[in-house]
4 protein chains.
Amino acid sequence: MLNRVVLIGRLTKDPELRYTQNGTAVATFTLAVNRPFTNQQGEQEADFINIVVWRKAAENVAQYLKKGSLSAVEGRLQTRTYENNEGRRIYVTEVVADNVRFLDGGKKAETKPDLEDPFAGEAEPVDVSEDDLPF
Amino acid sequence: MLNRVVLIGRLTKDPELRYTQNGTAVATFTLAVNRPFTNQQGEQEADFINIVVWRKAAENVAQYLKKGSLSAVEGRLQTRTYENNEGRRIYVTEVVADNVRFLDGGKKAETKPDLEDPFAGEAEPVDVSEDDLPF
Amino acid sequence: MLNRVVLIGRLTKDPELRYTQNGTAVATFTLAVNRPFTNQQGEQEADFINIVVWRKAAENVAQYLKKGSLSAVEGRLQTRTYENNEGRRIYVTEVVADNVRFLDGGKKAETKPDLEDPFAGEAEPVDVSEDDLPF
Amino acid sequence: MLNRVVLIGRLTKDPELRYTQNGTAVATFTLAVNRPFTNQQGEQEADFINIVVWRKAAENVAQYLKKGSLSAVEGRLQTRTYENNEGRRIYVTEVVADNVRFLDGGKKAETKPDLEDPFAGEAEPVDVSEDDLPF
DNA sequence: TTTT
DNA sequence: TTTT
């Protein structure tokens, strides 16, 4: 009914860029989002959120973001399950971004919202096997 | 740095209420959030998001929500990992709610924001084993 | 750079539906959003937020919402100024909705996200005089 | 019922810091949030959102932010009205921040969420005249 | 100009 | 393991 996520954090690694069989670009990365408090040992902790970005925005992400980049991500929470190679059911939760902002100086280009969701696209069916996603 | 989630959906089951060893209440439930589009077979799909609520809000949730209840949840995305009984590393993503609204008619009571995060509390350390959580 | 608003509240009146000179539908209404706390006199208070909705979503709003309806609104904050009939500069802040959910039972229809922003459209310039808006 | 705003933008001027009669700190500033599209003349446009921050966070804002600083603001939309000096009813919409992040390099300090809302405080009633606010 |  |  309503599903909105806003995050600011830093990439744990360079983004990975892939293409579906129809040539649709998909970028994935993990965002480390520091918690606003320290744990009981006084250590800083973070949540590690998997992000998926499609199409033009994916290519911008691959071009402008790298390990350590500060970024704002807006999107929706998505869950899916798949069987891994040992036949085990794996549950995945990730953020499908429709807006990614680059908050590090210098690189001026920003992704424009990529609002059509490729999973929903009838004209452009997404046929990457889910198992191909790096999460 | 910034981590905010807002969801509206329906409970897939009755919430589960537990207590930590210090007597802190924790409620957990799964929210089915319908996607704004149908899949390529024209079927309605949903994301199933695990929600954790602490303290007074947990008790309100247990009292006022049940399977099928329509609810709005505000909170932050949290990730954690644990070893399951077969020694396997399991990755969990869930929403720690600080505001839960009951959108079904009738039940007037609403949870007030429960803003102190119990994981951060030094006075009241949370010592439920994470493995006890039903996710 | 990033601009997101999520509200749940009740309409203070029936929505108003208008059309621009090119026939684009615009609905406006005010959402009363109760505050999560009472004031120092122990009274419930609310914020009254002006909402603007365009196109198909506008017509859905006009059809399905009325005074008192419970609704969730997602969108972006917009500011603009105009001179009123006495030559006075008036400052307006409103939410341009891209997603409106009907949370009252019965009416099943929901607005689908109306993601193209009409202010940005070159093909379909919006030429309602801003002074025509009821706020 | 639910009222959440997330913004990223730049300060149009240095923040203003004031104190209520009880000594509660209040900072105010305006955030220019660039729109994700250009207008029909191809010009970049922005929304100018008034922000109010209370207590410790207010002092952090005054210390660490200045004209042009990039900042993320989380909070709730608030509306209020007052009579101006000509006896005219003025309507104000602003964001009461509970989380302000400093996204410009260098300044490491970040405001911790200042979660008690001073308007709600019984122990520490806020008695600045609303007319004193710079908006 | 304000809703339940 | 999924809700209307």
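Here is how names work: the chains are called A, B, and so on, in the same order as the sequence lines, proteins then strands, and each is numbered from 1. Every heavy atom of this structure was used, including side-chain atoms; hydrogens, water molecules and symmetry mates were not.
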Taking Ser71(C) for the side chain and Arg101(C) for the main chain, is one N or O donor matched with an acceptor at less than 3.5 Å?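 Indeed, once roles are kept as given, a pair shorter than 3.5 Å links the two residues.
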inquiry  = Whether the side chain of Asp14(B) engages the backbone of Lys66(B) through a donor-acceptor N/O pair (distance < 3.5 Å, no angle test) should be reported.
reply    = no
side-chain hydrogen bond (donor to acceptor under 3.5 Å, both in side chains) partners for Glu74(C), two or more places apart
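side-chain hydrogen bond (donor to acceptor under 3.5 Å, both in side chains) list for Glu74(C), sorted by chain: Arg4(A), Arg4(C), Asn99(C).
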Gap between atoms [atom1] and [atom2], on [X] and [N] respectively (whole Å):
X         : N      : atom1 : atom2 : answer
Phe102(B) : dT3(F) : CZ    : P     : 21 Å
Phe48(B)  : dT4(F) : CZ    : C1'   : 11 Å
Leu2(A)   : dT3(F) : CG    : P     : 21 Å
Lys66(C)  : dT3(E) : NZ    : P     : 15 Å
Arg101(C) : dT4(F) : CZ    : C1'   : 13 Å
Ile51(C)  : dT1(E) : CD1   : P     : 20 Å
Arg35(B)  : dT4(F) : CZ    : C1'   : 17 Å
Leu70(C)  : dT2(E) : CG    : P     : 21 Å

### Query
Using a cut-off of less than 4.0 Å, is there contact between a side-chain N or O of Tyr91(A) and OP1 or OP2 of dT1(F)?
yes
Notebook entry, point to check: Is the shortest side-chain N/O distance from Arg89(A) to OP1 or OP2 of dT1(F) below 4.0 Å?
Noted result: yes
- What does Lys67(C) touch in the nucleic acid at a heavy-atom separation under 4.0 angstrom: a base, only the sugar-phosphate, or nothing? sugar-phosphate
**OP:** Indicate, with a heavy-atom threshold strictly under 4.0 Å, whether Gly68(C) touches base, sugar-phosphate, or nothing.
**Re:**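 If one applies the 4.0 Å heavy-atom cut-off, Gly68(C) turns out to touch the sugar-phosphate alone, with no base involved.
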Please find the pair of heavy atoms, one from Phe102(C) and one from Asn60(C), that lie closest to each other, and give the distance.
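In this case the closest contact between Phe102(C) and Asn60(C) is CZ-O, 3.9 Å.
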